[in-house]
Amino acid sequence: MVGRDTAGGRSLNVHLVDGTYELFRAHFGAPPQTSPAGVEVGATLGLMRSLLSLLREDGVTHVGCAFDHVIESFRNAMYPGYKTSEGVPEALLAQFPLAERATRALGIVVWPMVEFEADDALATAAGQAVDLAGVTQVVICSPDKDLAQCVRGSRVVCLDRRRRLVYDEPAVVQKFGVPPASIPDWLALVGDAADGYPGVPRWGERSATALLARYRHLEEIPDDAARWEVTVRGAAGLAQSLRQHREDVLLYRRLATLRRDVPLVEPLEALRWTGVHRSDLAALCEELGDDQIVDRIPQPHRSHL
């Protein structure tokens, strides 16, 4: 992503949406709905309503949305137990291409990930956008704890839209007990059931937080618990388990660390939302069997133009 100051001196915020999360949330949080052709489209319609709600908010001028076009990624080759599409409802999996079409029809830039994951695209876009002239803040719209590692002060934040919570760096420390840079180490120790890696036996959130709040990264934690400068219950057993699983935990950290080198080619200006693609949207709404979407389309804020 390349760009320059396009805000004309005004505040410019970049909103980056976790499309996969939004689609899952819509599928499990809304009643099913079928199209005139008998295809399940409820999650796609829920996603569209959520995105339209975002576009109505003040200050939302530049938007990009990442999807896991396929659930599998390069991480599956690193660790056989890493998450796959197994167990994901077929009615939901079938809507990913439709959801990407819908997002494009709404006039939003879409990043469909195959080799990488949607989180990698969001991390890359956030890292690129925050350093561009004129960008005031990057808002990653997702409650996914993996993305907390992207937070930088109050310049890159995570937004849980459902709960209306903003996580800047102090909020990340308050929630996890460690700064954003230590989140991959923390996840490696405690594990992530959603991503399919177990963490280190005996280690839990409290022990991981206590040690990483002091030592920051796995390599800095002494092998001998007698050298630990913090008091943790069961320290000897924790240290022994960490010694025995050093190779595993470093692999888990690699799995948890988001890539920031996804080849995103759109300039900042391409993320400016200037309105929907009306002909595409009208055709899609007819296909989905919902003509009310068109009536809900907001007009671009003056700051969009």
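Reckoned from all heavy atoms, side chains included, excluding hydrogens, waters and symmetry mates. It should be emphasised that the depicted structure is a prediction, and the values quoted were computed from it without experimental measurement.
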Discussion item. Working to the nearest 0.5 angstrom, can you tell me the gap between Asp68 CG and Met113 CE?
Written reply: 9.0 Å

Worksheet, complete the sentence: Value for CG (Asp223) from CG (Leu242), rounded to nearest 0.5 Å, stands at 7.0 Å

Fill in: Gap between atom CG of Leu147 and atom OG of Ser142 - 0.5 Å precision
5.0 Å

Discussion item. Would you say that Leu93 contacts Ile71 through its side chain, given a criterion of any heavy-atom pair below 4.5 Å between the two side chains?
Written reply: yes

Worksheet entry | For the student: nearest non-hydrogen atoms of Cys65 and Phe67, plus distance | SG-CE1, 3.6 Å

Discussion item. Is it true that, when you exclude Arg243 itself, more than 12 heavy atoms of the residues, nucleotides or ligands shown sit nearer than 6.0 Å to its CZ?
Written reply: yes

Worksheet item: Taking atom CD of Glu286 as the centre, does the number of heavy atoms from other residues, nucleotides or ligands within less than 6.0 Å exceed 12?
Response: no

Worksheet entry | Spacing of Glu205 atom CD and Leu189 atom CG [to the nearest 0.5 Å] | 11.5 Å

Discussion item. I need the minimum non-hydrogen distance between Val173 and Pro179, along with the two atoms involved.
Written reply: CG2-CA, 3.8 Å

Practice prompt. Please identify each residue that fulfils ring-ring contact (aromatic ring centres under 6.0 Å, His included) with Phe176, with sequence neighbours left out.
Written response: Trp186

Fill in: Atom CZ of Arg246: over 12 foreign heavy atoms under 6.0 Å
yes

Discussion item. Quick check against the 3.5 Å criterion: does Glu40 have a side-chain atom that pairs as donor or acceptor with the backbone of Gln33?
Written reply: yes

Discussion item. Tell me the closest heavy-atom pair linking Ala123 and Leu258, and the distance in Å.
Written reply: CB-CB, 3.9 Å

Worksheet item: Is Thr136 reaching over with its side chain to a backbone N or O of Leu12, donor-acceptor style, under 3.5 angstrom?
Response: yes

Practice prompt. Check the side chains of Gln149 and Thr257 for a donor-acceptor pair under 3.5 angstrom, ignoring hydrogens and angles.
Written response: no

Discussion item. Are Phe28 and Leu92 packed together at the side-chain level, in the sense that at least one heavy-atom pair is separated by less than 4.5 angstrom?
Written reply: yes

Fill in: Whether Arg202 side chain and Gly234 backbone form a donor-acceptor pair below 3.5 Å
no

Worksheet, complete the sentence: Of all heavy-atom pairs linking Ala121 and Val262, the shortest is N-CG2, 3.9 Å

Discussion item. Contact between Asp120 and Glu117 at the side-chain level, heavy atoms closer than 4.5 Å - yes or no?
Written reply: yes

Fill in: Selection residues 199-249 - residue pairs positive for ring pair (Phe, Tyr, Trp, His ring centres under 6.0 Å), sequence neighbours left out
none

Worksheet item: Going by heavy atoms in the side chains, are Thr20 and Asp119 under 4.5 Å from each other?
Response: no

Worksheet item: Any idea which heavy atoms bring Val232 and Ser207 closest together, and the distance?
Response: CG1-CB, 4.0 Å

Item to complete: Count the heavy atoms of every other residue, nucleotide or ligand shown that sit under 6.0 Å from CD of Glu86, and state whether that count exceeds 12.
Response: no

Discussion item. Rounded to the nearest 0.5 Å, what separates atom CD1 in Ile140 from atom SG in Cys150?
Written reply: 4.5 Å

Practice prompt. Report the distance from atom CG of Leu218 to atom CG of Leu212, rounding to the nearest 0.5 Å.
Written response: 6.5 Å

Worksheet entry | Smallest separation among heavy atoms of Ala235 and Ala225, with atom names | O-CB, 3.6 Å

Worksheet item: What's the verdict on side-chain hydrogen bond (donor to acceptor under 3.5 Å, both in side chains) for Gln137 and Ser154, showing C-alpha distance, side-chain angles and the deciding distance?
Response: CA-CA 7 Å; Gln137 189 180 63; Ser154 60; 5.4 Å; no

Worksheet entry | CZ (Arg25) with more than 12 external heavy atoms under 6.0 Å | yes

Worksheet item: Any ring pair (Phe, Tyr, Trp, His ring centres under 6.0 Å) pairs touching residues 113-151, not counting sequence neighbours?
Response: Phe74-Phe116

Worksheet item: Any donor and acceptor pair, going by atom type alone, linking the side chain of Arg155 with main-chain N or O of Val130 inside 3.5 Å?
Response: yes

Worksheet item: Can you pull the salt bridge (Lys or Arg N to Asp or Glu O under 4.0 Å) pairs that have at least one residue in residues 128-152, sequence neighbours excluded?
Response: Asp131-Arg152, Lys145-Asp192

Worksheet item: Applying side chain to side chain donor-acceptor pair (under 3.5 Å), which residue pairs with at least one partner in residues 89-107 are found, sequence neighbours left out?
Response: Thr44-Gln95, His69-Glu100, Arg101-Glu287

Worksheet entry | Lys/Arg-Asp/Glu bridge criterion (N-O < 4.0 Å) met for Arg259, Glu115 | no

Discussion item. My understanding is that only residues two or more places apart in sequence, or in another chain, count here; which of them pass ring-ring contact (aromatic ring centres under 6.0 Å, His included) with Tyr79?
Written reply: Tyr252

Practice prompt. Using the six-membered ring wherever Trp is involved, compare the ring planes of Phe24 and Phe96 and label them parallel, tilted or perpendicular (cut-offs 30° and 60°).
Written response: perpendicular

Worksheet item: Has the side chain of Asp168 got a donor or acceptor atom that lies under 3.5 Å from a matching backbone atom of Val156?
Response: no

Worksheet item: Are any of the side-chain heavy atoms of Val109 and Val63 separated by less than 4.5 Å?
Response: no

